Amino acid sequence: MAQILTPRVFWAQRHGQLMLCVDLKDASESSAELKEGAICFEASGYGAQGQNQYKFSLDLYSDVDPEIACRTFAREVLLTLQKVQRDWWPRLTKQTRKPVFLSADFDRWLDESDAEREEQLKEEENFNKLLIESRQRSKPLDNIKRCYLFLYNLVQFLFFLHVFVSLSKSFLLNNGLTPDLLESTGQTIRLCQLLAFLEILHSAIGFVHSPILPTLLQVLGRGFVVFLVIGGQEELQNPWSVLAVYYIWSAIEIFRYPFYMLGSVGCSWRPLTWARYTFWIPLYPLGVIAEGVCIWLAIPYFAQVDMYSVHLIGANLYFVYVLYAWLGLLPFGLAVNFRHLWKQRRHRLCGRKRKMP
């Protein structure tokens with residue numbers, strides 16, 4: 001009768017998995033089962049003591065799934081067990097003293113931080129596979145949506161680029177401000193702002209993943225300044241304050257719209273991503289200051305005329321009061337958009353920070 005011996009066993013782990021490698025060549029009749037928290041293995045094969053019957057039993061540190069995957073190869077038997085709870089075990093067995101036949105499997109061994117990174121990479125790989133498959137199975141309506149978003153962002157980019165280049169060219173050539181320049185750029189800005197109201201709809205119906213509150217605040221805030229404040233008394237408005245508003249807005253949008261234009265077709269360009277999530281840091285506060293100056297300079301004019309005021313029986317709502325209230329709300333709108341864009345910047349440019357061991 002053949003002698004029953006203990007084989008050499010090598011082990012490694014992941015957060016949700018255990019791997020036991022039994023050093024047996026040409027193993028046959030192998031069996032593995034879980035009995036009262038202990039894994040019991042038995043097989044015949046060629047091990048450290050030659051051709052014999054080998055078996056072992058290990059009381060595991062914590063609970064595992066009773067189903068054990070047992071794969072037999074020419075030079076080893078690999079056992080794979082799934083942990084009931086996804087955590088990192090300090091050792092394989094309940095006993096603090098390691099059995100003499102048990103060793104670490106350095107070919108499969110990972111530290112806890114490396115295992116976490118491996119899981120993250122696998123999740124990202126699976127996500128990318130699902131994304132590619134979903135794109136391959138995309139319906140014609142999805143393609144129409146992507147084309148529409150691409151064209152929308154392209155048109156907005158070209159309009160704002162026209163404003164930015166026109167104003168820059170005027171000052172570089174020392175032409176200064178002219179009524180024709182302000183009128184032409186003002187018409188372009190008003191057209192862009194009318195189109196921008198579609199962005200609220202895009203966010204509301206799920207065409208884009210942007211939260212609706214920052215989009216609503218930005219679009220309504222700019223519309224208020226363009227159509228009511230500047231448009232209501234453009235001939236009396238300080239041209240330099242109008243120039244500052246148009247110039248800062250266009251400087252922001254010539255990076256924002258190309259970024260979204262490429263994103264609508266699943267493309268990205270690292271320098272453009274950096275510019276889109278960096279230049280807004282000084283430009284957004286400057287834009288809010290320029291808007292505030294426009295509103296402040298408009299208050300004396302609207303205090304003299306009765307434009308936009310609402311007169312009800314027993315109550316009057318003067319537009320000047322709305323302007324003062326709007327000035328008070330500008331810092332709130334800036335804070336909401338600043339917080340939203342800062343979180344996006346950290347996500348886009350910093351990425352996930354690796355956990356240090």
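Just so it is clear, the structure is predicted and the values come from calculations on it, not from any experiment.
For the residue pair Tyr61 / Gln95, no side-chain donor-acceptor distance below 3.5 Å is found, with atom types taken as modelled. A donor-acceptor contact closer than 3.5 angstrom links the side chains of Ser168 and Tyr247. A donor-acceptor pair shorter than 3.5 Å can be found between the side chains of Ser44 and Ser28. A donor and an acceptor atom, one from each side chain of Gln17 and Gln13, are nowhere located under 3.5 Å apart.
Residues Ala244 and Ala290 come closest through the heavy atom pair CB-CB, 4.0 Å. Contact record, Ser30 with Cys70: OG-SG, 4.0 Å, taken as the closest heavy-atom pair. Of all heavy-atom pairs spanning Ser166 and Thr185, the tightest one is CB-CG2, 4.4 Å. Residues Val293 and Ser241 share a closest heavy-atom pair of CG1-CB, 4.0 Å. A pairwise comparison of heavy atoms in Pro211 and Pro214 identifies O-CD, 3.5 Å as the closest pair. Among all heavy-atom pairs drawn from Val219 and Gln193, the shortest one is O-NE2, 3.0 Å.
Inter-residue side-chain proximity for Arg345 and Ile281 is flagged as met; some heavy-atom pair is nearer than 4.5 Å. Residues Leu79 and Phe41 have side chains in contact (heavy-atom distance under 4.5 Å, counting atoms from C-beta outward). By the 4.5 Å heavy-atom criterion applied to side chains, Gln82 and Val84 are not counted as neighbours. Here the side chains of Val242 and Val245 are not in contact, with every heavy-atom distance at 4.5 Å or above. Put simply, the side chain of Phe56 does not reach to within 4.5 Å of the side chain of Leu102, judged on heavy atoms. For the pair Glu76 and Val22, the minimum side-chain heavy-atom distance is 4.5 Å or more. Side-chain contact between Asp65 and Leu34: absent, with no pair of heavy atoms (C-beta onward) separated by less than 4.5 Å. Between Leu228 and Phe319 there is a side-chain heavy-atom pair separated by less than 4.5 Å.
In the hydrophobic clustering, where aliphatic and aromatic side chains (Ile, Leu, Val, Met, Phe, Trp, Tyr) are joined below 4.5 Å either directly or transitively, Phe332 groups with Leu213, Leu217, Val336.
Both cation-pi conditions hold for Lys83 and Trp88: the charged atom is under 6.0 angstrom from the six-membered ring centre and inside a 45 degree cone around its axis.
No donor-acceptor distance shorter than 3.5 angstrom exists from the side chain of Thr93 to the backbone of Leu58, with no hydrogens or angles considered. Ser264 contributes a side-chain N or O that, together with a main-chain N or O of Met261, makes up a donor-acceptor pair within less than 3.5 Å. One N or O on the side chain of Arg91 and one on the backbone of Lys94 form a donor-acceptor pair closer than 3.5 Å.
Less than 6.0 angstrom separates the ring centroid of Phe338 from the ring centroid of Trp280. Remark: aromatic rings of Tyr277 and Phe259 are close, center separation under 6.0 Å. Aromatic pair His202/Tyr260: ring centres not closer than 6.0 Å.
Using cut-offs of 30° and 60° on the angle between ring planes, the pair Tyr246 and Trp249 is tilted.
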Side-chain donor-acceptor pairs of residues 155-165 under 3.5 Å, sequence neighbours excluded:
| from | atom 1 | to | atom 2 | distance (Å) |
| --- | --- | --- | --- | --- |
| Gln156 | NE2 | Tyr152 | OH | 3.3 |
| Gln156 | NE2 | Cys192 | O | 3.2 |
| Gln156 | NE2 | Tyr257 | OH | 3.3 |

Original post:
For Glu42 and Lys35, what are the C-alpha separation, side-chain angles and deciding distance, and is it a salt bridge (charged side-chain N to carboxylate O under 4.0 Å, His left out)?
Top reply: CA-CA 13 Å; Glu42 185 173 356; Lys35 295 181 179 180; over 6 Å; no
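The ring pair (Phe, Tyr, Trp, His ring centres under 6.0 Å) with Trp326 is formed by just one residue from the set Phe224, Trp296, Phe302; it is Phe224.
Legend: residues meeting salt bridge (Lys or Arg N to Asp or Glu O under 4.0 Å) with Arg256, ordered by chain and number and at least two apart, are Glu199, Glu253.
Connection of Leu323 to Val305 is established within a shared hydrophobic cluster, with ILVMFWY side chains joined at heavy-atom distances below 4.5 Å, either directly or through further cluster members.
Summarising the local packing, CZ of Phe227 is surrounded by more than 12 heavy atoms from other residues, nucleotides or ligands at distances under 6.0 Å. Heavy-atom neighbours of Phe279 CZ from other residues, nucleotides or ligands within 6.0 Å: above the threshold of 12.
A salt bridge is defined here as a Lys NZ or Arg NE, NH1 or NH2 lying under 4.0 Å from an Asp or Glu carboxylate O, and Glu33 with Lys55 fails to meet this definition.
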